[in-house]
Amino acid sequence: MPQRSPVRESVTVGILALQGAFAEHQVMLQKQRRVAVVLVRQPEDLDKCDALIIPGGESTTIALLARLAGLLEPLREFLKTKPVWGTCAGAILLSRAVEGAKKGGQELLGGISIGIARNGFGSQVESFEAALEVDGLRESNRPFHGIFIRAPVVLSLDPAPTDPPIQIISRISASLLPAGQTIVPADEDDTDPRDPRTIVALRQGLHLLTTFHPELTKDDRFHEYFIKECVLPTLSRSSSPA
């Protein structure tokens, strides 16, 4: 008889801890059962991780610090085989193309086949909060409180024929956007499934992307979703007997 694979006692999730809201993600992960947390600051820290979160912050600064720490290429290799979740600035870094980059350009990790705009809904003064309907969360009939701070906007979905399909998890109604933003007119038909600009959460393959900050709420359902839907399935496949 084939031997049963040993049951994993815990899952280890890294948080890229160079700049931004990594401490807030750490608090949320510590609420999850059997989840160990590693603050990733050096390439060798990635070796301990089953998955990774790239927090909100300043995407250009995070990319620069990652390069200085020798982390850019290890991060690109990591996301080829392991789940990564990017929130706000992390969502920018996971995209394939970016508009509105600072002078000198923006280094990206790639991993999710989208184009994105930095500060798409406006500057700090256009930051806002909104109740979101999110597919797949525990108690999905209860809205998730989305906090958008200089949030990026998804401009295009660009999967190649060989890429995993993109799954849209949440959209925001144009009526909930700040009055000063111009990227989505208030009278726009935001029910058009071909329009990516109102997408605020999506998955592609192993990876998860949110343009808002779940870590700044007291609601840990998105962190639970990442563990259960993105991370645990990869561990069960890797531990299955040949």
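Everything numeric in this text was worked out from a predicted model, so none of it was measured.
- Between C88 and I149 the shortest side-chain heavy-atom distance does not fall below 4.5 Å.
- Between E224 and R138 there is a salt bridge, since at least one side-chain N of the basic residue sits less than 4.0 Å from a carboxylate O of the acidic one.
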**Message:** Test side chain to side chain contact (heavy atoms under 4.5 Å, CB included) on I114 and I199; report intermediate values, then the result.
**Reply:** CA-CA 11 Å; I114 64 167; I199 297 171; over 6 Å; no
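- When side chains are defined from C-beta on, V40 does not count as touching L18, because their heavy atoms never get closer than 4.5 Å.
- Rounding to the nearest 0.5 Å places CG of D219 at 8.0 Å from NZ of K31.
- At a threshold of 4.0 Å, the pair D163-R96 counts as salt-bridged, since one of the basic side-chain nitrogens sits closer than that to a carboxylate oxygen.
- Rounding to the nearest 0.5 angstrom, the gap separating the OG1 atom in T12 from the CG atom in L52 is 12.0 Å.
- Between I116 and S95, the shortest heavy-atom distance links the atoms CG2-OG, 3.4 Å.
- Counting heavy-atom neighbours within 6.0 Å of E133 CD, excluding the residue itself, gives a total of 12 or less.
- Nearest heavy-atom pair, P83 versus F78, reported as atom, atom and distance to 0.1 Å: O-CE2, 4.0 Å.
- Side-chain atoms of S156 come within 3.5 Å of backbone N or O of G115 as a donor-acceptor pair.
- Taking both residues in full, the closest heavy atoms of I92 and L108 are given as O-CD2, 3.3 Å, listed atom of the first, atom of the second, then distance.
- Between L71 and L46, some side-chain heavy-atom pair lies under the 4.5 Å cut-off.
- Expressed to the nearest 0.5 Å, how far CZ of R221 lies from NZ of K228 amounts to 12.5 Å.
- At least one donor-acceptor pair closer than 3.5 Å links the side chain of Q19 to the backbone N or O of E58.
- When the shell of 6.0 Å around CZ of R142 is examined, it contains more than 12 heavy atoms from other residues, nucleotides or ligands.
- Side-chain polar atoms of T60 and Q106 form a donor-acceptor pair below 3.5 angstrom.
- How far CZ of R171 is from CG of D195: 6.5 Å, rounded to the nearest 0.5 Å.
- Classified by interplanar angle (parallel below 30°, tilted 30° to 60°, perpendicular above 60°), the ring pair H223/H25 is tilted.
- Annotation: side chain of P159 is not in contact with side chain of P165 (no heavy-atom distance under 4.5 Å).
- Cation-pi geometry between R41 and F22 is satisfied (NZ or CZ under 6.0 Å from the ring centre, within 45° of the ring normal).
- Under the 3.5 Å distance criterion, with hydrogens and angles disregarded, a donor-acceptor pair is assigned to the side chains of Q204 and S113.
- Note: F128 and F212 fail the aromatic proximity criterion, with ring centroids not under 6.0 Å apart.
- Each of Y225 and L216 belongs to its own hydrophobic cluster when Ile, Leu, Val, Met, Phe, Trp and Tyr are linked at side-chain heavy-atom distances under 4.5 angstrom.
- The shortest heavy-atom contact between S127 and R150 is OG-N, 3.3 Å.
- A distance of 11.5 Å separates CG in L208 from CD1 in I54, rounded to the nearest 0.5 Å.
- Salt bridge annotation for R118-E99: absent, with no cationic side-chain nitrogen under 4.0 angstrom from a carboxylate oxygen.
- Taking 4.5 Å as the limit, some side-chain heavy atom of D50 sits within range of a side-chain heavy atom of L235.
- Under the 4.5 Å side-chain heavy-atom criterion for Ile, Leu, Val, Met, Phe, Trp and Tyr, M28 and I53 are members of distinct hydrophobic clusters.
- Between the CZ atom of R203 and the SG atom of C230 there is a distance of 4.0 Å, given to the nearest 0.5 Å.
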